[in-house]
Visitor: 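Let me give you the structure first, and then I'll get to my questions.
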Amino acid sequence: MQFQYKVTLIRQEAREGFCSQIKKLSSIRRETSIIINGGVDLGKTALYIAAEDDSLISHSSVPLPVDAFISRLDDLSMDYCSRYSSSFGSSPDSFLESLERYLYVDKGFRRTNSISQLEQRAIYLHSVLTHRVGSLSMLSLIYSEILKMVRMWGLINFDVEISSPNDSHGSPRGYIKQKTTEFDQQHIVTTESLLLKILRDLKDAFWPFQLDQSKTPFLRAAEAAHCSDRSADVDKSGMEIASAKAARHRLERGVWTSVRFGDIRRALSACERLIILEADSTELRDYGVLLYHCGFYKESLQYLKLYQDTEKSTTVKQVSDSVTNLEEDAVEKLIIRLNLILMEDKWTRPSSIASSLYNNTDPW
């Protein structure tokens, strides 16, 4: 019991650290470039995320050493300065070439092309600093931290932005602000966009319903709950249909993570952080459907209704398409089912599925 308390405390402290950083994120700072944002410490924020998820899967009473990895991040800046001190007297373009040579050649950082269960280390900052294989968002964060440090030390006196390539293989690159074109401006990484990308990478990587990527994560989860239009199932392979059933069966048995089939605990945590970040209202809906699969029916209904209320109060209405209509229909069906379930008093209590969600001592 004492051991479990320590693990829970570690997880809570990591979440509190994340929330303390998000509180600094004003509406202006959300749209500020990650190079000049002075409010949120993006490195610490990413490491608090990693620390919480590490406690979920490792069940260790020893927390992830956040400060040690912050020091490792700072060491990159100092090492660059010692190796390429001559670049500070060169032109801005030459400086950026030197920095990218240092990151992508000397240090060997490279972008992964697959955010899957097998590449999960690419979406956690501490793992990227160790293995030097990272997602686009992680590489952008590391690039920006080095630029912020050399700016803070007064070693460069020109404005730089980081551009996020709109492809599956390019790495983050620096741009001189005065030379940035209107097209490049659309791809400049802001504080909010980077945090959203980090959290959505986690959510997508650990979503429990992985097959049939042609559908949105919510529709895949709703289908597993039999709350979406299944008329298209005639065109689906037996493997895809079996996958949805298998995912549901794993959750019913309290198996929260499985190779290549996500981890509902970390998917839930990612959704919770997106809600704290006040991202798109669809995060309320996605969180609600995960709660349903965990057996938290009352809480699931609350979040799904909150999603509907938020959508109704939105002044800017998005154009409906076939996918949106399918999603809204699935939400309605799920709410009807939840209301029927909750009519029985015995269903208002968490099921055995739900009660084992965070009390399971096995990391699988």
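Since this is a predicted model, take the numbers as computed values, not measurements.
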Visitor: Is the shortest side-chain N to carboxylate O distance from Lys305 to Asp309 below 4.0 Å?
Guide: no

Visitor: With distance as the sole criterion, is a donor-acceptor pair present between the side chains of Asp286 and Tyr307 under 3.5 Å?
Guide: no

Visitor: Side-chain donor-acceptor pair under 3.5 Å between Ser94 and Ser91, yes or no?
Guide: yes

Visitor: For the OG atom of Ser55 and the CD atom of Glu13, what is their distance to the nearest 0.5 Å?
Guide: 10.0 Å

Visitor: Using only atom types and a distance under 3.5 Å, with no angle test, would you say the side chain of Ser269 pairs donor to acceptor with the backbone of Arg266?
Guide: no

Visitor: Between Glu145 and Ser77, is there a side-chain donor-acceptor contact under 3.5 Å, judged purely by atom types and distance?
Guide: no

Visitor: Examine distances only and state if a side-chain atom of Glu192 and a backbone atom of Leu25 form a donor-acceptor pair shorter than 3.5 Å.
Guide: no

Visitor: Are any side-chain N or O atoms of His293 and backbone N or O atoms of Ala221, one a donor and one an acceptor, separated by less than 3.5 Å?
Guide: yes

Visitor: Taking atom types as modelled, is there a side-chain donor on Ser137 or Ser140 under 3.5 Å from an acceptor on the other?
Guide: no

Visitor: Is there a donor-acceptor pair under 3.5 Å between the side chain of Gln210 and the backbone N or O of Trp207?
Guide: yes

Visitor: Is there a donor-acceptor pair closer than 3.5 Å between any side-chain N or O of Arg285 and the backbone N or O of Phe218?
Guide: no

Visitor: Report yes or no: do Tyr124 and Asp201 form a side-chain donor-acceptor pair below 3.5 Å?
Guide: no

Visitor: Treating Thr310 as the side-chain partner and Leu306 as the backbone partner, does any N or O pair qualify as donor plus acceptor under 3.5 Å?
Guide: yes

Visitor: Does a side-chain N-to-carboxylate-O contact under 4.0 Å join Arg273 and Asp53?
Guide: yes

Visitor: Any side-chain to backbone donor/acceptor pair from Asn339 onto Ile335? Under 3.5 Å, distance only.
Guide: yes

Visitor: Taking only residues two or more places apart in sequence or in another chain, which ones pass side chain to side chain contact (heavy atoms under 4.5 Å, CB included) with Lys44?
Guide: Gln21, Asp41, Tyr48, Ile70

Visitor: Output all residues satisfying side chain to side chain contact (heavy atoms under 4.5 Å, CB included) with Cys19, sequence neighbours left out; order by chain, then residue number.
Guide: Arg15, Ile276

Visitor: Do Thr112 and Arg121 have side-chain atoms, one donor and one acceptor, less than 3.5 Å apart?
Guide: no

Visitor: Will you find, in the side chains of Tyr292 and Arg337, an N or O donor that is under 3.5 Å from an N or O acceptor?
Guide: yes

Visitor: Would a distance-only check, ignoring hydrogens and angles, find a side-chain to backbone donor-acceptor pair under 3.5 Å from Ser144 to Leu141?
Guide: yes

Visitor: Side-chain contact test, heavy atoms from C-beta onward, threshold under 4.5 Å: evaluate it for Ser87 versus Leu99 and give yes or no.
Guide: no

Visitor: Checking Ala279 now: which residues fulfil side chain to side chain contact (heavy atoms under 4.5 Å, CB included) with it, not counting sequence neighbours?
Guide: Leu196, Arg200, Leu274, Glu283

Visitor: Looking at Arg111 and Gly170, would you say the former's side chain and the latter's main chain have a donor-acceptor pair under 3.5 Å?
Guide: yes

Visitor: Parallel, tilted or perpendicular: which fits the ring planes of Tyr287 and Tyr303, with parallel below 30° and perpendicular above 60°?
Guide: perpendicular

Visitor: Supply the atom-to-atom distance Ile275 CD1 to Glu272 CD, rounded to the nearest 0.5 angstrom.
Guide: 7.0 Å

Visitor: Between Tyr143 and Tyr104, how do the two ring planes meet: parallel, tilted or perpendicular, split at 30° and 60°?
Guide: tilted

Visitor: Under 30°, 30 to 60°, or over 60°: which ring-plane class applies to Tyr80 and Phe88, parallel, tilted or perpendicular?
Guide: perpendicular

Visitor: So how far is it from Gln308 CD to Glu328 CD, rounded to the nearest 0.5 Å?
Guide: 7.0 Å

